[in-house]
Amino acid sequence: QVQLVESGGGLVQAGGSLRLSCAASGRTFSTYGMGWFRQPPGKEREFVAAISANSRTTIYLNSVKGRFTISRDNAKNTVYLQMNSLKPEDTAVYYCARDQAGIISSDLRGYTGWGQGTQVTVSS
């Protein structure tokens with residue numbers, strides 16, 4: 001069973017940057033897509049970005065396009081989320097998960113193996 005551990009969250013001022021990491025255990029990391037999601041305070045969890053197993057395909061939530069970049073290093077079993085030009089509305093707990101549907105999408109039901117999350121707080 002794949003275990004995922006997120007890191008890299010913190011407190012940052014609006015306009016700042018953070019890079020989140022998600023480290024995966026196991027030998028099959030390079031065979032499945034990965035996604036990043038977030039849950040703002042008092043709200044439901046939402047899709048942020050996803051990347052295919054071979055990194056050829058990426059998809060993003062419209063509100064983060066041009067500001068966030070998802071990438072992965074299969075040799076390190078790690079997926080990243082580079083977040084630039086952060087806004088207070090980006091404040092949330094950020095989670096990673098692996099695709100179980102065989103194709104990346106924005107549907108949370110297509111993902112499994114959720115990590116424990118990392119808190120991102122953006123001050124105005």
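Checked by atom type and distance alone, the side chain of Gln116 pairs as donor or acceptor with a backbone atom of Glu6 at under 3.5 Å. No donor-acceptor pair under 3.5 Å is formed between the side chain of Asp99 and the backbone N or O of Ser52. Using a distance-only test at 3.5 Å, with no hydrogens or angles considered, a donor-acceptor pair links the side chain of Gln100 to the main chain of Arg109. Arg98 places no side-chain N or O within 3.5 Å of a backbone atom of Gly113 that could act as its donor or acceptor partner.
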side-chain contact (heavy atoms from CB on, under 4.5 Å) assessment of Glu44 paired with Leu108: CA-CA 11 Å; Glu44 293 186 351; Leu108 274 67; over 6 Å; no
What verdict does the side-chain contact (heavy atoms from CB on, under 4.5 Å) test give for Arg67 and Met83, after you've listed the backbone C-alpha separation in whole Å, the side-chain angles of each residue and the deciding distance to 0.1 Å? CA-CA 6 Å; Arg67 299 189 298 122; Met83 306 186 295; over 6 Å; no
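Expressed to the nearest 0.5 Å, how far CZ of Arg56 lies from OG1 of Thr58 amounts to 13.5 Å. To the nearest 0.5 Å, atoms OG1 (Thr69) and CG (Leu81) are separated by 8.0 Å. Remark: Ser63 OG to Lys87 NZ distance equals 7.5 Å, nearest 0.5 Å. The CD1 atom of Ile51 lies 12.0 Å from the CH2 atom of Trp36; values are rounded to the nearest 0.5 Å. One finds the OG1 atom of Thr57 at 5.5 Å from the CD1 atom of Ile104 (value rounded to the nearest 0.5 Å).
The side-chain hydrogen bond (donor to acceptor under 3.5 Å, both in side chains) contacts involving residues 9-29 comprise Ser17-Asn84, where partners must be two or more places apart or lie in separate chains. Among pairs with a residue in residues 53-86, none fulfils disulfide bond (SG atoms under 2.5 Å apart), at least two apart in sequence or across chains. Applying the ring-ring contact (aromatic ring centres under 6.0 Å, His included) test to every pair with at least one member in residues 47-82, sequence neighbours left out, gives these pairs: Phe37-Phe47. Annotation: ring-ring contact (aromatic ring centres under 6.0 Å, His included) contacts involving residues 83-106, sequence neighbours excluded, are absent. Applying the disulfide bond (SG atoms under 2.5 Å apart) definition to pairs two or more places apart or across chains, those involving residues 4-76 are Cys22-Cys96.
A side-chain contact (heavy atoms from CB on, under 4.5 Å) with Ser30 holds for exactly one of Asp73, Asn74, Asn54; it is Asn74.
Residues Met34 and Leu4 form a side-chain contact, since some pair of their non-hydrogen atoms from C-beta on lies under 4.5 Å apart. Two residues are said to be in side-chain contact when any heavy atoms from C-beta on lie closer than 4.5 Å; Arg45 and Trp114 meet this criterion. With a 4.5 Å cut-off on side-chain heavy atoms, Leu61 and Glu46 count as touching. Here the side chains of Ile70 and Val79 are in contact, with some heavy-atom distance below 4.5 Å.
Enclosure of atom CD in Gln119 by more than 12 non-hydrogen atoms of other residues, nucleotides or ligands within 6.0 angstrom is indicated.
Here Tyr111 pairs with nothing under the side-chain hydrogen bond (donor to acceptor under 3.5 Å, both in side chains) rule; sequence neighbours left out.
Across all their heavy atoms, Ser124 and Pro88 have their closest contact at CB-CG, 3.8 Å. Minimum interatomic distance between Leu20 and Val120 (heavy atoms only, all atoms of both residues): CD2-CG2, 4.0 Å. Of all non-hydrogen atoms in Leu18 and Val12, the two that sit nearest each other are CD1-CG1, 4.0 Å.
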